[in-house]
Amino acid sequence: MHPTPRISPSLLAADFSRLAEEVRAVEAAGADWLHLDIMDGHFVPNISFGPGLIKALRQHTKMPFDVHLMIAPAEPYLEAFAQAGADIISVHPEAGPHLYRSLQTIRALGKKCGVVLNPATPVSSIENVLDLVDLIMVMTVNPGFGGQSFIMSQLPKIAALRRMIDATGCDIALEIDGGVTAATAPHCLAAGADTLVAGTAVFGAGDYASAIATLKQAGKTPCQT
């Protein structure tokens, strides 16, 4: 048995013709955070949206905005996303030459900060910034597109990060992003995750509340091979 995870539905999978309604709907359905993927067509092979959309949606929900910056360089845009209403801002080690400074900047802006590990990014890349981190996100797909299949080889990385977090004694969220479904969520939680990003698994479901409840119960579900 594992603690009930936070669920952060990814807006990228929502109906873009009625985003405000979609945001209110997942909040009413029991979502804990709202995950916002920012993509620049350079760091990842897709383009999504920017701080203007975040600012427009901020008035429609009280959910914390979990902002994932898949942009390079990220540092020049941190203030804009903070002012737009982001609560948590996560960056990739590869998105600029000075990860520690980027995290310091996010903290100075009054926001929580996260660091994101792509499938090929080693755990060692964040060992020296743990004192600044509120969240570690593990990408279990290659970043850039929704609807990809979960990369099972990332499970040992999740377990290694759980051990690393526990050793610090700090309150650091361990979030999983990519291919999270009712089938893969139990594996993530068994490895030590406590926060799940879900795009298609929530916004692609007919009943958002049921989909979110299923993911929240995943810690009580045996892992299927």
Side-chain angles (χ1 to χ4, degrees), residues 1-14 22-23 25-37 61-68 86-90 112-117 119 123 126 133-141 143 146-205 207-225:
M1 300 282 281
H2 305 280
T4 301
R6 299 181 197 89
I7 305 301
S8 186
S10 174
L11 192 71
L12 201 64
E22 290 274 69
V23 169
V26 291
E27 181 175 29
D32 300 288
W33 296 350
L34 185 69
H35 191 78
L36 298 131
D37 286 309
T61 178
K62 294 181 179 179
M63 284 186 293
F65 278 4
D66 172 24
V67 177
H68 175 194
D87 295 286
I88 308 160
I89 301 176
S90 298
K112 291 187 176 183
C113 55
V115 63
V116 189
L117 302 183
V123 170
I126 62 168
V133 169
D134 299 292
L135 177 146
I136 300 169
M137 187 188 311
V138 178
M139 294 301 300
T140 43
V141 299
Q148 298 181 63
S149 297
F150 187 90
I151 301 174
M152 295 295 288
S153 63
Q154 296 303 295
L155 292 171
K157 179 189 287 184
I158 298 168
L161 288 165
R162 171 46 59 197
R163 292 190 295 271
M164 183 184 294
I165 290 169
D166 289 348
T168 70
C170 297
D171 183 16
I172 300 173
L174 181 52
E175 183 174 50
I176 311 305
D177 184 4
V180 173
T181 66
T184 59
H187 292 278
C188 298
L189 299 176
D194 53 38
T195 307
L196 303 175
V197 175
T200 306
V202 171
F203 285 109
D207 184 336
Y208 294 171
S210 177
I212 290 170
T214 296
L215 291 172
K216 283 181 176 285
Q217 291 296 312
K220 303 174 179 62
T221 304
C223 296
Q224 300 295 320
T225 57

D32 side chain to I7 backbone, donor-acceptor under 3.5 Å: yes
Within a strict 4.5 Å, meaning less than it, do heavy atoms of the K112 and D87 side chains meet? no
Where is the tightest heavy-atom contact between G179 and V141, given as atom of each residue plus distance? N-CG1, 3.8 Å
Report yes or no: does K157 contribute a side-chain atom to a donor-acceptor pair with the main-chain N or O of T140 at less than 3.5 Å? no
Can you measure from CG (L189) to CG (L196) and round to the nearest 0.5 angstrom? 5.0 Å
Could you tell me whether the side chain of E175 and the main chain of T195 form a donor-acceptor pair under 3.5 Å? no
Does a side-chain heavy-atom distance below 4.5 Å link P3 with D194? no
Heavy-atom nearest pair, A86 first then V67, reads CB-CG2, 3.5 Å
Return the CG to OG distance between D177 and S10, rounded to the nearest 0.5 Å. 6.5 Å
Identify the two heavy atoms, one from A173 and one from R6, that lie closest to each other, and give their separation to 0.1 Å. CB-NH1, 3.7 Å
Does the side chain of H187 reach to within under 4.5 Å of the side chain of I158, using non-hydrogen atoms? no
Quick one: closest heavy-atom pair of P9 and F203, and the distance? CB-CE1, 3.7 Å
Would you say the side chain of F150 lies within less than 4.5 Å of the side chain of I176, judging by non-hydrogen atoms? yes
Under 4.5 Å between any side-chain heavy atoms of D66 and P64, yes or no? no
State which residue, out of V123, V116, L174, fulfils the side chain to side chain contact (heavy atoms under 4.5 Å, CB included) condition with I136. L174
As an exercise, state the distance from CG of D37 to OG of S90, rounded to the nearest 0.5 Å. 10.5 Å
Contact between I88 and D134 at the side-chain level, heavy atoms closer than 4.5 Å - yes or no? no
Output for pair (K216 NZ, T214 OG1), nearest 0.5 Å, gives 12.0 Å
Restricting to non-hydrogen atoms, name the atom on A218 and the atom on A185 that form the minimum distance, rounded to 0.1 Å. CB-CB, 3.6 Å
Can you list everything that forms a ring-ring contact (aromatic ring centres under 6.0 Å, His included) with H68? Sequence neighbours excluded, please. H35, H92
Applying side chain to side chain contact (heavy atoms under 4.5 Å, CB included) to V180 and V197, what does each step give before you reach the verdict? CA-CA 7 Å; V180 173; V197 175; 5.7 Å; no
Can you tell me how far the CD1 atom of I212 sits from the CD atom of E27, to the nearest 0.5 Å? 10.5 Å
So, do I126 and L117 sit near enough that their side-chain heavy atoms are less than 4.5 Å apart? yes
Nearest-0.5 Å distance, CD1 of residue I89 to CG of residue L135: 12.0 Å
Heavy-atom closest pair (L34 atom, V26 atom, distance to 0.1 Å) is CD1-CG2, 4.3 Å
